Amino acid sequence: MHKSILIIYTGGTIGMVRSPMGYIPVGGLQKLIDLKIPPRIAVDMPSYDLYEYPDPIDSSNIRPQDWLRIARDISDRYDDYDGFVVLHGTDTMAYTASALSFLLQGLTKPVIVTGSQIPLSELRNDAQSNLVTAIELASSYAIPEVCLYFNGHLLRGNRSSKLKATGFEAFESPNYPELANVGIYIELNHSVLLPIPEATNFQLPDYDHHQVRVISLYPGMEAEVIRLLAQPPCRALILRTYGVGNGPSMDKEFLKALEDAHHRDVALVNLTQCTTGSVKSDSYAAGSELARTGLVASADMTVEAAFTKLHHLCAMQLSAEEIRLQVAAPLAGELTIKTE
Ligand code: ASP
């Protein structure tokens, strides 16, 4: 059967050109693709439609409402295509890939988010191979989830993080195996892919960017910082703690600020500052004291996954108690359940 995919171009380095201020996003990606991937080569490519956003952006300008726009664009055209490629800037690509995984739950078709570190417009670039491989993955492989593809690595979207500011190896999946070996051949690691769902369960509620906040602990952080951050309209606050979930347990005022926020129905989430590993707050008294204020452990989620998941749960109009329960339960393969 003839396969067809939709490419959504949101902006990012992949479609940028030089300007006196540095790279800027521009439209006209189709022209650039035609120039760089001439018809004699493109003849081997699966057929695709390109949907260019009229207002392509540097992804450092992204807002939660933009995730919803992309998800709705995919949902509206879901039956018309076999797979989707989202072209996006690398700076917040892992946030968007994570958010899409919660918005497009129960996917049966691949959604591959990609971009590049050097624009397609440059002579030497990583854009062409990322684009062509993403198209191939979206059109020819049974991948029922949102993935991030970059420089030979296919990662679960909500497990990925940008760990390098420069260099082609920008993304990793610190707490989860890669979904495929992408070399001369492409081999999916079937045992780590999400199972094919019985039905799609897209949830596309309106996102409100005021509701979720994140703060990284630092030695000497005042209780006042927590009080200010946890003010309405904040409904969920992620505290990036030390190691396995520890914090300043000897600072009674700090603990009181957390407890007060908890009692005002702010969902408090404990996420480690470490890149790998999981929160286990009862390992140390310094973590247990924090947990007693109401802080919920977030297992081994990336900050991108935890942040976008909380946005999603808030947008679904769940109560603070329901949000606390769901934080630790996987919705789209974003965390590991420990069985010990
Ligand atoms: N600032 C760019 C962006 O995120 C970086 C990139 O795409 O590599 O849009």
Side-chain angles (χ1 to χ4, degrees), residues 8 10 12 57 59-75 84 86 88-107 111-115 145-148 155-163 171-176 194 201-216 233-240 266-272 275 279 296-318 320 322-336:
I8 299 178
T10 69
I57 54 169
S59 79
S60 47
N61 287 304
I62 211 119
R63 288 157 72 106
Q65 291 87 335
D66 297 312
W67 306 327
L68 192 66
R69 172 186 184 185
I70 301 168
R72 287 187 176 153
D73 284 334
I74 292 174
S75 170
F84 299 83
V86 177
H88 196 285
T90 61
D91 287 343
T92 60
M93 188 183 287
Y95 284 91
T96 297
S98 298
L100 292 178
S101 77
F102 301 121
L103 290 157
L104 302 173
Q105 288 177 51
L107 266 182
V111 173
I112 314 287
V113 187
T114 194
E145 52 178 293
V146 178
C147 304
L148 188 154
L155 313 175
R156 173 164 298 161
N158 60 33
R159 293 288 195 149
S160 63
S161 282
K162 184 176 180 181
L163 295 186
F171 289 89
E172 283 180 33
S173 170
N175 288 319
Y176 199 72
L194 287 177
N201 178 27
F202 293 175
Q203 299 169 350
L204 306 167
D206 285 329
Y207 276 25
D208 173 353
H209 67 268
H210 299 103
Q211 295 193 327
V212 185
R213 292 176 180 161
V214 190
I215 179 92
S216 223
C234 175
R235 292 195 57 217
L237 174 63
I238 298 173
L239 186 64
R240 300 205 66 189
V266 175
L268 300 171
V269 174
N270 187 342
L271 186 77
T272 178
T275 309
V279 169
V296 184
S298 63
D300 58 352
M301 274 191 280
T302 59
V303 66
E304 295 89 344
F307 183 73
T308 55
K309 180 175 181 176
L310 283 164
H311 261 293
H312 193 71
L313 297 176
C314 289
M316 292 297 287
Q317 307 294 341
L318 301 189
E322 287 166 330
I323 292 175
R324 289 178 194 124
L325 284 173
Q326 294 235 10
V327 163
L331 294 182
E334 73 280 10
L335 59 85
T336 312

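Because the structure is predicted, anything quoted here is derived from the model rather than measured. All residue numbers in this chain count up from 1 along the given sequence.
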**Residue pairs involving residues 206-216 (criterion salt bridge (charged side-chain N to carboxylate O under 4.0 Å, His left out); sequence neighbours excluded)** = Arg72-Asp206
Rounded to the nearest 0.5 Å, what separates atom [atom1] in [X] from atom [atom2] in [Y]?
X      : Y      : atom1 : atom2 : answer
Phe84  : Leu100 : CZ    : CG    : 11.5 Å
Leu271 : Thr302 : CG    : OG1   : 8.0 Å
His210 : His311 : NE2   : NE2   : 10.0 Å
His312 : Phe307 : NE2   : CZ    : 14.5 Å
Thr96  : Asp91  : OG1   : CG    : 11.0 Å
Met301 : Thr308 : CE    : OG1   : 9.0 Å

Shortest non-hydrogen contact between [X] and [Y], atoms and distance:
X      : Y      : result
Val212 : Cys314 : CG2-SG, 4.3 Å
Thr92  : Ser59  : OG1-O, 2.7 Å
Ala299 : Leu335 : CB-CB, 4.2 Å
Ala97  : Gly157 : CB-CA, 3.7 Å
Gln211 : Ala315 : OE1-N, 4.4 Å
Asn158 : Ser101 : ND2-OG, 3.0 Å

**Message:** Is it the case that the side chains of Ser161 and Glu304 hold a donor-acceptor pair, with the cut-off being a distance below 3.5 Å and no angle test?
**Reply:** yes
Would a 4.5 Å heavy-atom cut-off, applied to side chains only, mark [X] and [Y] as touching?
X      : Y      : value
Asp73  : Arg69  : yes
Leu268 : Leu239 : no
Leu204 : Ser75  : yes
Phe202 : Leu107 : yes
Leu313 : Leu331 : yes
Arg159 : Thr336 : yes
Thr90  : Phe171 : yes
Phe102 : Glu334 : yes

**Request:** Could you check Ile74 against Val86 for side-chain contact (heavy atoms from CB on, under 4.5 Å), going step by step and ending with a plain yes or no?
**Result:** CA-CA 9 Å; Ile74 292 174; Val86 177; 4.1 Å; yes
**Complete:** side-chain contact (heavy atoms from CB on, under 4.5 Å) filter on Thr114, not counting sequence neighbours, yields Val85, Leu87, Asn130, Ala134, Tyr149, Phe150
**Message:** Arg63: which residues meet the side-chain contact (heavy atoms from CB on, under 4.5 Å) condition with it, sequence neighbours left out?
**Reply:** Gln65, Asp66, His209
**Passing option when Leu155 is tested against Cys147, Pro174, Ser173 for side chain to side chain contact (heavy atoms under 4.5 Å, CB included)** = Ser173
**Request:** State whether the side chain of Arg240 and the backbone N or O of Thr272 hold a donor-acceptor pair below 3.5 Å, judged by distance alone.
**Result:** yes
**Prompt:** Tyr95 vs Trp67 aromatic rings, parallel, tilted or perpendicular, using cut-offs 30° and 60°?
**Reply:** parallel
**Request:** Could you check Gln203 against Gln105 for side-chain contact (heavy atoms from CB on, under 4.5 Å), going step by step and ending with a plain yes or no?
**Result:** CA-CA 7 Å; Gln203 299 169 350; Gln105 288 177 51; 3.2 Å; yes
